[in-house]
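Contents: one structure, followed by commentary.
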Amino acid sequence: QVQLVESGGGLVQAGGSLRLSCAASGRTIRTYTMAWFRQAPGKEREFAAVISWSGGSTVYADSVKGRFAISRDNAKNTVYLQMNSLNPEDTAVYYCAADTEFALSTAWGRYEYWGQGTQVTVSS
């Protein structure tokens with residue numbers, strides 16, 4: 001079993017930045033595909049970014065491309081999401097997820113392990 005704990009969320013003004021962290025425990029995630037999803041109030045959970053086990057491949061949702069960057073440090077068993085140029089539409093609970101498959105999936109149903117989420121609120 002893998003436990004995922006997100007941190008780094010908070011309140012930020014539009015145009016600002018935040019860096020989310022996802023710390024894994026219970027098992028190494030170095031062979032896992034890792035992703036970030038988000039869910040805004042009243043909306044479905046949506047894909048934000050995914051990174052391969054090696055960190056060599058990434059995929060981003062169009063809505064965050066060029067502003068967000070996903071990375072990982074396998075030695076620390078941690079995944080990050082650097083979020084820049086934030087706008088109010090980025091307000092959501094952000095979830096970290098792990099998939100034992102190598103394919104970079106954007107479908108939340110593919111992911112086996114989830115964190116509890118961290119709230120990001122962007123004020124205008």
Side-chain angles (χ1 to χ4, degrees):
Q1 286 288 344
V2 174
Q3 292 79 44
L4 303 174
V5 178
E6 302 94 335
S7 61
L11 175 64
V12 63
Q13 289 189 334
S17 298
L18 282 174
R19 189 194 195 202
L20 305 183
S21 298
C22 171
S25 61
R27 184 175 294 184
T28 177
I29 58 168
R30 63 184 174 190
T31 62
Y32 288 13
T33 296
M34 300 296 297
W36 288 94
F37 289 79
R38 65 186 185 179
Q39 188 166 17
K43 295 187 177 182
E44 293 187 354
R45 190 169 300 190
E46 65 173 8
F47 166 77
V50 61
I51 188 167
S52 63
W53 66 274
S54 67
S57 296
T58 57
V59 176
Y60 296 93
D62 288 344
S63 57
V64 308
K65 197 174 296 182
R67 301 187 299 121
F68 290 11
I70 187 172
S71 61
R72 65 192 299 161
D73 185 338
N74 286 338
K76 295 183 178 179
N77 230 26
T78 301
V79 179
Y80 305 97
L81 186 67
Q82 177 67 43
M83 306 187 296
N84 300 324
S85 301
L86 285 162
N87 58 63
E89 290 69 39
D90 295 316
T91 294
V93 177
Y94 283 72
Y95 297 91
C96 174
D99 181 7
T100 55
E101 298 293 331
F102 290 153
L104 300 185
S105 177
T106 63
W108 65 265
R110 283 285 306 273
Y111 288 82
E112 299 163 65
Y113 303 103
W114 291 86
Q116 83 291 345
T118 185
Q119 176 71 47
V120 171
T121 303
V122 184
S123 64
S124 58

**Asked** Are Ser52 and Leu104 side-chain neighbours, meaning at least one heavy-atom pair lies under 4.5 Å?
**Response** yes
**Prompt:** Where do Tyr60 and Ala49 come nearest, in terms of heavy atoms and distance?
**Reply:** CD2-CB, 3.6 Å
**Item:** Thr91 side chain to Thr121 backbone, donor-acceptor under 3.5 Å
**Value:** no
**Prompt:** At their closest point, which heavy atom of Ile70 faces which heavy atom of Thr58, and how far apart are they?
**Reply:** CG2-CG2, 3.7 Å
**Complete:** Heavy atoms of Glu6 and Gly117 approach each other most closely as OE1-N, 2.9 Å
**Asked** Under a 4.5 Å cut-off applied to non-hydrogen side-chain atoms, are Tyr94 and Met83 in contact?
**Response** yes
**Asked** Where do Ser63 and Arg38 come nearest, in terms of heavy atoms and distance?
**Response** OG-NH2, 3.4 Å
**Asked** Between Glu112 and Thr100, is a side-chain hydrogen bond (donor to acceptor under 3.5 Å, both in side chains) present by the stated rule, with each step listed?
**Response** CA-CA 8 Å; Glu112 299 163 65; Thr100 55; 2.4 Å; yes
**Item:** Rounded distance (nearest 0.5 Å) linking atom CG of Leu86 with atom CZ of Phe68
**Value:** 5.0 Å
**Prompt:** Between Ser17 and Asn84, is a side-chain hydrogen bond (donor to acceptor under 3.5 Å, both in side chains) present by the stated rule, with each step listed?
**Reply:** CA-CA 4 Å; Ser17 298; Asn84 300 324; 2.9 Å; yes
**Complete:** All heavy atoms of Ala14 vs all of Pro88, minimum pair found to be CB-CD, 4.2 Å
**Request:** Measure up the Trp114 and Phe37 rings against each other and bin them: parallel (under 30°), tilted (30 to 60°), perpendicular (over 60°).
**Result:** tilted
Expected list for residues 20-32: side-chain donor-acceptor pairs under 3.5 angstrom, two or more places apart:
from: Thr28; atom 1: OG1; to: Arg30; atom 2: N; distance (Å): 3.2

**Prompt:** If you draw the axis of the six-membered ring of Tyr80, does the NZ or CZ of Arg72 fall within 45° of it and under 6.0 Å from the ring centre?
**Reply:** no
**Minimum heavy-atom distance between Arg110 and Ser105, given as atom pair plus value** = CG-OG, 3.3 Å
**Message:** Within the structure provided, determine whether Val64 and Trp36 are in side-chain contact (heavy-atom separation under 4.5 Å).
**Reply:** no
